[in-house]
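Reading through the structure tokens given below for one structure.
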Protein chains: 2
Amino acid sequence: MRRSSPSISDVARAAGVSMGTVSNVLNGTVRVSPATRARVEAAIRELGFVRNGVARSLAAGRSSTLGFVIIDLANSYFLDIARGAEKEAGRAGLNLLLANSDMSEEKQRTYVDLFVEDRVAGILVAANHGSTHDLHRSAPGVPLVVVDAPGDHSDVCSVVPDNELGGYLAATHLVEQGRRRLLFAGTTELVPVRDRLLGVERAVAEHPGVVLEVEQTGNVQVEDGRRVGDDIVLRDPRERPDAVVAAADLLAVGVQQSLLLSSSLRVPDDVAIIGYDDNRAAWDSAVPLSTIRQPGEAVGREAVRLLLEELETGPEAHRHRLVTCEPRLVVRASTAGTS
Amino acid sequence: MRRSSPSISDVARAAGVSMGTVSNVLNGTVRVSPATRARVEAAIRELGFVRNGVARSLAAGRSSTLGFVIIDLANSYFLDIARGAEKEAGRAGLNLLLANSDMSEEKQRTYVDLFVEDRVAGILVAANHGSTHDLHRSAPGVPLVVVDAPGDHSDVCSVVPDNELGGYLAATHLVEQGRRRLLFAGTTELVPVRDRLLGVERAVAEHPGVVLEVEQTGNVQVEDGRRVGDDIVLRDPRERPDAVVAAADLLAVGVQQSLLLSSSLRVPDDVAIIGYDDNRAAWDSAVPLSTIRQPGEAVGREAVRLLLEELETGPEAHRHRLVTCEPRLVVRASTAGTS
DNA sequence: TTGTATGCGTTATCAA
DNA sequence: TTGATAACGCATACAA
């Protein structure tokens with residue numbers, strides 16, 4: 001039994017050919033006669049040869065893998081982005097490896113550094129808004145694209161979903177369903193939430209007679225939503241909104257739970273509710289939730305495209321830019337009725 | 001501006017020392033005089049040198065990264081495993097890279113192959129039960145551990161949660177809460193579910209007077225649970241279970257939703273419900289769900305430990321084995337009352 | 001179509 | 001403590 005795995009030169013010797021020939025049949029770029037090809041392939045099989053990607057990328061000076069540093073894998077949105085990125089990468093013959101930075105900027109740096117050291121072909125980073133400052137400085141020479149947050153435009157490309165449009169779509173939908181008193185719930189501490197609210201405001205402004213109220217929440221989790229719901233339940237009917245735009249699905253689920261448990265208000269009859277994200281975590285609410293679906297796959301796809309573009313164009317000829325992806329309205333039961 | 005990133009020899013020239021010296025300050029294994037160290041470090045900073053991990057692992061003949069091929073990243077359990085694995089790997093100075101096989105055995109193979117080609121130090125594979133046959137054959141030379149499914153014991157190590165124990169814990173808890181008519185819901189097509197049922201049966205057998213009924217479901221999703229709940233609601237009170245052991249959290253959520261919507265049965269007063277997995281997707285049910293928490297982090301940790309063991313012992317001296325991790329009962333409101 | 005030889009950027013061995 | 005140099009396994013340019 002051999003100690004280390006066989007190399008190309010072992011294969012060459014076994015097949016009675018040169019290393020170059022073995023390399024040629026492996027890569028298929030240069031023509032090789034069927035006869036020798038067969039001999040080489042037989043030797044490869046016999047020896048159980050597996051090509052060494054490390055030596056490969058060292059010699060070739062390029063790698064065929066992309067690295068994706070993800071801030072929150074528990075969020076299905078980022079998984080969708082990863083899927084989109086993976087597909088687009090596959091089209092270009094590249095593989096996508098993931099690293100979980102788990103909300104930690106330190107781990108984010110560590111993994112970016114790792115990918116840089118490993119000289120991957122390119123790096124994707126899903127980061128927090130505001131934490132993308134010097135990401136590019138960690139990656140000199142390796143193209144890097146910031147995903148889901150606007151990066152420093154002069155140094156990196158970035159891809160973001162159009163949150164303003166999403167808010168607009170949500171509010172417009174509710175108004176078209178006949179709703180007139182809208183309540184927006186969320187915390188405007190978060191930049192994406194702020195953008196969503198802007199879109200809601202634009203939609204409301206387009207429809208005279210429609211009023212909008214904003215309720216700040218501490219966070220955008222289920223418990224925050226429950227508080228919003230409890231508040232609505234306690235109100236005088238004349239003060240009550242007939243529709244809620246939640247800044248996130250979990251928030252919407254909380255609102256819904258609260259209304260349902262109170263048994264006094266029905267969804268959507270009395271209050272329509274729309275969420276945001278189309279998060280898997282909210283797919284199973286009692287009343288199926290209308291929502292704005294994040295363009296996760298598109299974000300991932302576009303990010304890889306930008307990476308490939310930079311890869312082909314070369315670092316200096318490349319102009320960094322921001323690409324925006326459009327979210328989509330998904331109508332389910334929670335807004336389906338007419339008021 | 002330089003075309004490619006500076007190498008050790010560039011640094012050596014700039015610092016007026018030899019490559020070996022630079023390598024020594026980089027790795028810190030050999031003593032270097034403070035003076036030259038300072039000169040080298042200055043040159044490194046000045047040139048923006050980043051060490052080349054590819055050449056590094058080629059020359060050293062070893063890599064410091066582990067690869068984890070994950071079957072379903074959308075399931076928070078696997079993310080927990082990844083976290084546990086990452087921590088343990090970190091302790092050994094290794095990095096963990098993830099690949100999403102997304103339920104596809106083909107992608108699983110592809111990524112295992114990729115990791116083998118890249119000569120990672122070791123590979124973790126979270127696989128489907130039954131699909132682990134020839135995984136080791138794809139990875140000659142690279143230690144591979146099967147996670148969450150029993151691998152072919154003679155070829156690989158594997159780590160699994162103790163599903164039988166989990167079932168036992170769940171049923172015992174319910175019996176201790178005074179429940180006497182247990183209903184187990186799930187599909188015994190799935191091996192893990194079958195094991196959980198075995199544990200439930202053992203617990204029931206230990207308590208004369210307690211009866212158990214098994215209701216097969218098509219799958220273990222929320223909708224399957226709703227059907228189970230609907231069935232319970234329609235039953236004659238004397239035929240009705242006072243406790244449900246669901247084979248999975250989502251199933252339990254479905255049961256709960258159905259009972260709650262019916263408004264005729266209360267949880268846990270009339271029917272206690274316990275789930276399985278402690279899946280994040282079920283954290284926000286209306287009545288907080290008691291459950292059996294999967295030992296995700298432990299599974300990941302043990303998997304890496306087995307890998308390290310095989311790495312140190314060497315392939316031939318190493319005996320492959322199966323490690324089992326114990327799940328834990330988590331009591332929340334859905335079983336907290338007394339019947 | 002196939003063989004030969006050089007270099008990729010490091011580590012590691014052996015001298016100095 | 002430091003310097004010189006041979007691998008590591010492959011791609012690739014060039015020669016045959």
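All heavy atoms count here, side chains included; hydrogens, waters and symmetry mates do not. Each chain gets a letter, A, B and so on, in the order the sequences are listed, and its residues count up from 1.
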- Item | Distance test, side-chain N/O of A/Thr21 to OP1/OP2 of C/dT2, below 4.0 Å | no
- Message: Looking at A/Thr110 and A/Glu106, would you say the former's side chain and the latter's main chain have a donor-acceptor pair under 3.5 Å?
- Response: yes
- Would you mind reading off the bend of the helix from C/dT1-D/dA16 to C/dA16-D/dT1 from its two end axes, five pairs each, to 10 degrees? 40°
- Message: Going by side-chain hydrogen bond (donor to acceptor under 3.5 Å, both in side chains), name the residues that satisfy it together with B/Glu88, two or more places apart in sequence or in a different chain.
- Response: B/Arg91, B/Arg305
- Residues in contact with DNA chain C, drawn from residues 28-44 of chain A - heavy-atom cutoff 4.0 Å: A/Val30, A/Arg31, A/Val32, A/Ser33, A/Thr36
- Please name all residues satisfying side-chain hydrogen bond (donor to acceptor under 3.5 Å, both in side chains) with A/Asn100, sequence neighbours left out, ordered by chain then number. none
- Query: Touch check for B/Val54, heavy atoms < 4.0 angstrom, all strands: base, sugar-phosphate only, or nothing?
  - Reply: nothing
- Quick check: does any side chain N or O of B/Ser158 sit under 3.5 Å from a backbone N or O of B/Gly151, one acting as donor and the other as acceptor? yes
- Which residue pairs pass the salt bridge (charged side-chain N to carboxylate O under 4.0 Å, His left out) test with at least one member in residues 50-73 of chain B, sequence neighbours excluded? A/Glu117-B/Arg51
- Item | Sequence-distant partners of B/Asp80, salt bridge (Lys or Arg N to Asp or Glu O under 4.0 Å), two or more places apart | B/Arg83, B/Arg280
- Message: What verdict does the side-chain hydrogen bond (donor to acceptor under 3.5 Å, both in side chains) test give for B/Ser101 and B/Ser104, after you've listed the backbone C-alpha separation in whole Å, the side-chain angles of each residue and the deciding distance to 0.1 Å?
- Response: CA-CA 6 Å; B/Ser101 69; B/Ser104 149; over 6 Å; no
- Which residues pass the salt bridge (Lys or Arg N to Asp or Glu O under 4.0 Å) test with B/Asp113, sequence neighbours left out? none
- Query: Which parts of nucleotides 6-11 of chain D does protein reach within less than 4.0 Å, heavy atoms only, written one letter per nucleotide 5' to 3' as B for base, S for sugar-phosphate only and - for none?
  - Reply: --BBBB
- A/His320 (side chain) donor-acceptor with A/Asp155 (main chain) under 3.5 angstrom: yes
- Task: Not counting sequence neighbours, which residues clear salt bridge (Lys or Arg N to Asp or Glu O under 4.0 Å) with A/Glu309? List them please.
- Result: A/Arg321
- Not counting sequence neighbours, list each pair that qualifies as a side chain to side chain donor-acceptor pair (under 3.5 Å) and has a residue in residues 36-46 of chain A. A/Ser33-A/Thr36
- Query: If we ignore angles and hydrogens, is there a donor and acceptor under 3.5 Å between the side chains of A/Asn95 and B/Tyr111?
  - Reply: no
- Pairs where residues 12-22 of chain B contributes a residue and the test salt bridge (charged side-chain N to carboxylate O under 4.0 Å, His left out) is met, not counting sequence neighbours: B/Asp10-B/Arg13
Restricting to nitrogen or oxygen on both sides, can you table the protein-nucleotides 14-16 of chain C pairs closer than 3.5 Å?
none

